[in-house]
Colleague: 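Mind having a look at this structure? Questions to follow.
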Amino acid sequence: MARQVLRYQQLPSIDIEFFKKSHEMVFSQLALSPVEHDLMALMLTRLSEDHWEEEVIGESKRKINPTYEFGIDVLCDWLGVKSADIYNVTQEPASRLAGRKIGIKNSKAKKYRFTPLFEDLIYENGTLTMIPNNALMEQYIGLTKGHSQIPQKVFRNLKRENAKRLFSMLCRFKDPAKGSLKAFDFQDLYGMFGLLNERGELVKKSYQRTSEFIRTIIKPAIKEIDEKEPLLTFHIDEKSGNYGYQPLKSGRKITGIKFLFSWDIEKIASSKPVVKKVASQTEQTDEEVSAVDLLTTYVLVNNYTPDQPNNPSTQQLKDIMEHSNWLSENGKEVVDVRFMLNYKMAIAEARARESGMFNSDGE
DNA sequence: TTGGAATCAGCCCCAGCAAA
DNA sequence: TTTGCTGGGGCTGATTCCAA
């Protein structure tokens with residue numbers, strides 16, 4: 001069985017709004033420069049579970065990791081540089097990225113396991129070839145713990161490494177109904193901002209002073225995200241007056257941080273105001289379903305209570321399944337177990353209710 | 001593709017201030 | 001008085017820009 005090779009030479013092929021980063025990768029230990037972050041994001045825009053071919057060897061099966069190749073036009077557009085400069089901009093970061101290891105947290109053992117990000121990564125003759133490490137397939141695809149849906153234009157527009165990293169974390173919690181970002185102690189924060197080595201030691205000693213860490217990492221990151229992402233609002237901590245975060249204290253010592261932010265869910269929805277619906281069985285003309293309708297139905301299913309007068313119809317329920325990709329792009333997952341259970345109950349109720357209506361009308 | 005210069009973010013140290 | 005936070009400023013290295 002041959003490895004899949006995905007080649008991208010033209011610009012339209014990367015013209016997509018979001019890329020996904022798994023929960024484990026968002027909250028991993030990984031130090032990358034801004035250009036390395038962008039190269040990684042480029043691969044993540046293309047990465048798909050379908051690209052991992054399955055090979056059967058006797059009784060057992062194994063997955064074969066794909067190869068991604070990006071041509072010079074794609075790299076120039078993605079990194080925002082002229083073709084004459086692409087070697088300078090790409091060569092060194094690509095070389096470093098090839099050797100980077102990511103620390104994935106084992107929550108049971110409370111330890112980080114460090115694994116190389118790539119099996120191979122080469123920049124040669126204007127082409128960047130990236131082969132993700134097979135050992136990280138679950139983390140790349142985000143099979144188990146959900147993912148962060150990251151707007152790629154805003155992400156690339158962020159110049160600070162730490163702003164990119166914080167932005168990925170904040171994108172993981174767009175919908176407050178699906179959980180919120182917990183408060184972190186400094187050991188967690190050091191890890192998530194790539195400041196710990198494989199032995200768990202702080203590599204920059206100045207950050208032992210928490211005030212220095214907040215001043216040079218947290219505040220500039222909040223400021224840059226605030227300037228470049230209009231859909232995200234940071235809030236002021238009334239007690240301390242800090243913008244975007246609440247310091248958690250023990251006496252006078254700051255022991256941790258809780259980020260204070262909210263996403264404008266309405267604006268995210270209205271940024272795609274109307275979604276084209278596939279023509280229904282009875283009508284040949286296209287209908288349209290509004291984003292607000294889709295989101296309303298989604299919320300009703302997510303918080304499903306039997307026999308409520310405003311519970312959705314079968315058509316509304318079909319609509320959200322038809323537009324599951326759009327919902328997913330806007331942080332509304334329709335594939336999690338609880339949602340699917342609610343969906344089954346809601347559609348059973350809708351069918352029963354609608355057949356009852358027809359019967360009572362004598363049809 | 002290479003090499004050098006310019007720029008700027010990140011890092012570190014220090015002094016002053018304030019809270020416990 | 002001690003301890004921790006804040007802000008200023010200099011140094012370093014990564015990134016960007018430009019010329020060959």
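Convention: sequence-line order gives letters A, B, ...; per-chain numbering from 1. Just so it is clear, the structure is predicted and the values come from calculations on it, not from any experiment.
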Colleague: Output all residues satisfying side-chain hydrogen bond (donor to acceptor under 3.5 Å, both in side chains) with A:Thr127, sequence neighbours left out; order by chain, then residue number.
Modeller: none
Colleague: Suppose we screen for side-chain contact (heavy atoms from CB on, under 4.5 Å). Which residues come up paired with A:Lys228, at least two apart in sequence or across chains?
Modeller: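 Scan of A:Lys228 (side-chain contact (heavy atoms from CB on, under 4.5 Å), adjacent residues dropped) gives A:Asn157, A:Leu158, A:Lys159, A:Glu224.
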Colleague: What range of DNA chain C does chain A touch, first nucleotide to last, counting atoms under 4.0 Å from its heavy atoms?
Modeller: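 So the contact region on DNA chain C extends C:dT2 to C:dC18.
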Colleague: Ring-plane angle category for A:Tyr140 and A:Phe118, please: parallel below 30°, perpendicular beyond 60°, tilted otherwise.
Modeller: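 Judged by the thresholds at 30° and 60°, the geometry between A:Tyr140 and A:Phe118 is tilted.
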Colleague: Mind jotting down which residue pairs meet the salt bridge (Lys or Arg N to Asp or Glu O under 4.0 Å) criterion with at least one end in residues 34-45 of chain A? Sequence neighbours excluded, please.
Modeller: A:Glu36-A:Arg96, A:Glu36-A:Arg100, A:Asp38-A:Lys164
Colleague: Under the rule for side-chain hydrogen bond (donor to acceptor under 3.5 Å, both in side chains), what residues qualify as partners of A:Glu119, not counting sequence neighbours?
Modeller: A:Arg3, A:Asn65
Colleague: Please list all pairs passing the ring-ring contact (aromatic ring centres under 6.0 Å, His included) test where one or both residues lie in residues 226-246 of chain A, with sequence neighbours left out.
Modeller: none
Colleague: In whole Å, what is the span from the OH atom of A:Tyr123 to the P atom of B:dT2?
Modeller: 10 Å
Colleague: Which part of the nucleic acid does A:Ile214 contact within heavy-atom distance under 4.0 Å: base, sugar-phosphate only, or nothing?
Modeller: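 The residue A:Ile214 makes no contact with any strand.
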Colleague: Checking A:Lys344 now: which residues fulfil side-chain contact (heavy atoms from CB on, under 4.5 Å) with it, not counting sequence neighbours?
Modeller: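 By the side-chain contact (heavy atoms from CB on, under 4.5 Å) rule, A:Lys344 matches no residue at all.
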Colleague: Can you build the contact string for nucleotides 10-20 of chain B? Use B for base contact, S for sugar-phosphate-only contact, and - for no protein heavy atom under 4.0 Å.
Modeller: SSBBB---BBS
Colleague: Please give, in whole Å, the distance from B:dT1 P to A:Ile122 CD1?
Modeller: 13 Å
Colleague: Once ring-ring contact (aromatic ring centres under 6.0 Å, His included) is applied, do any residues pair with A:Tyr343, and if so which ones, sequence neighbours excluded?
Modeller: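 For A:Tyr343 there are no ring-ring contact (aromatic ring centres under 6.0 Å, His included) partners, ignoring immediate neighbours.
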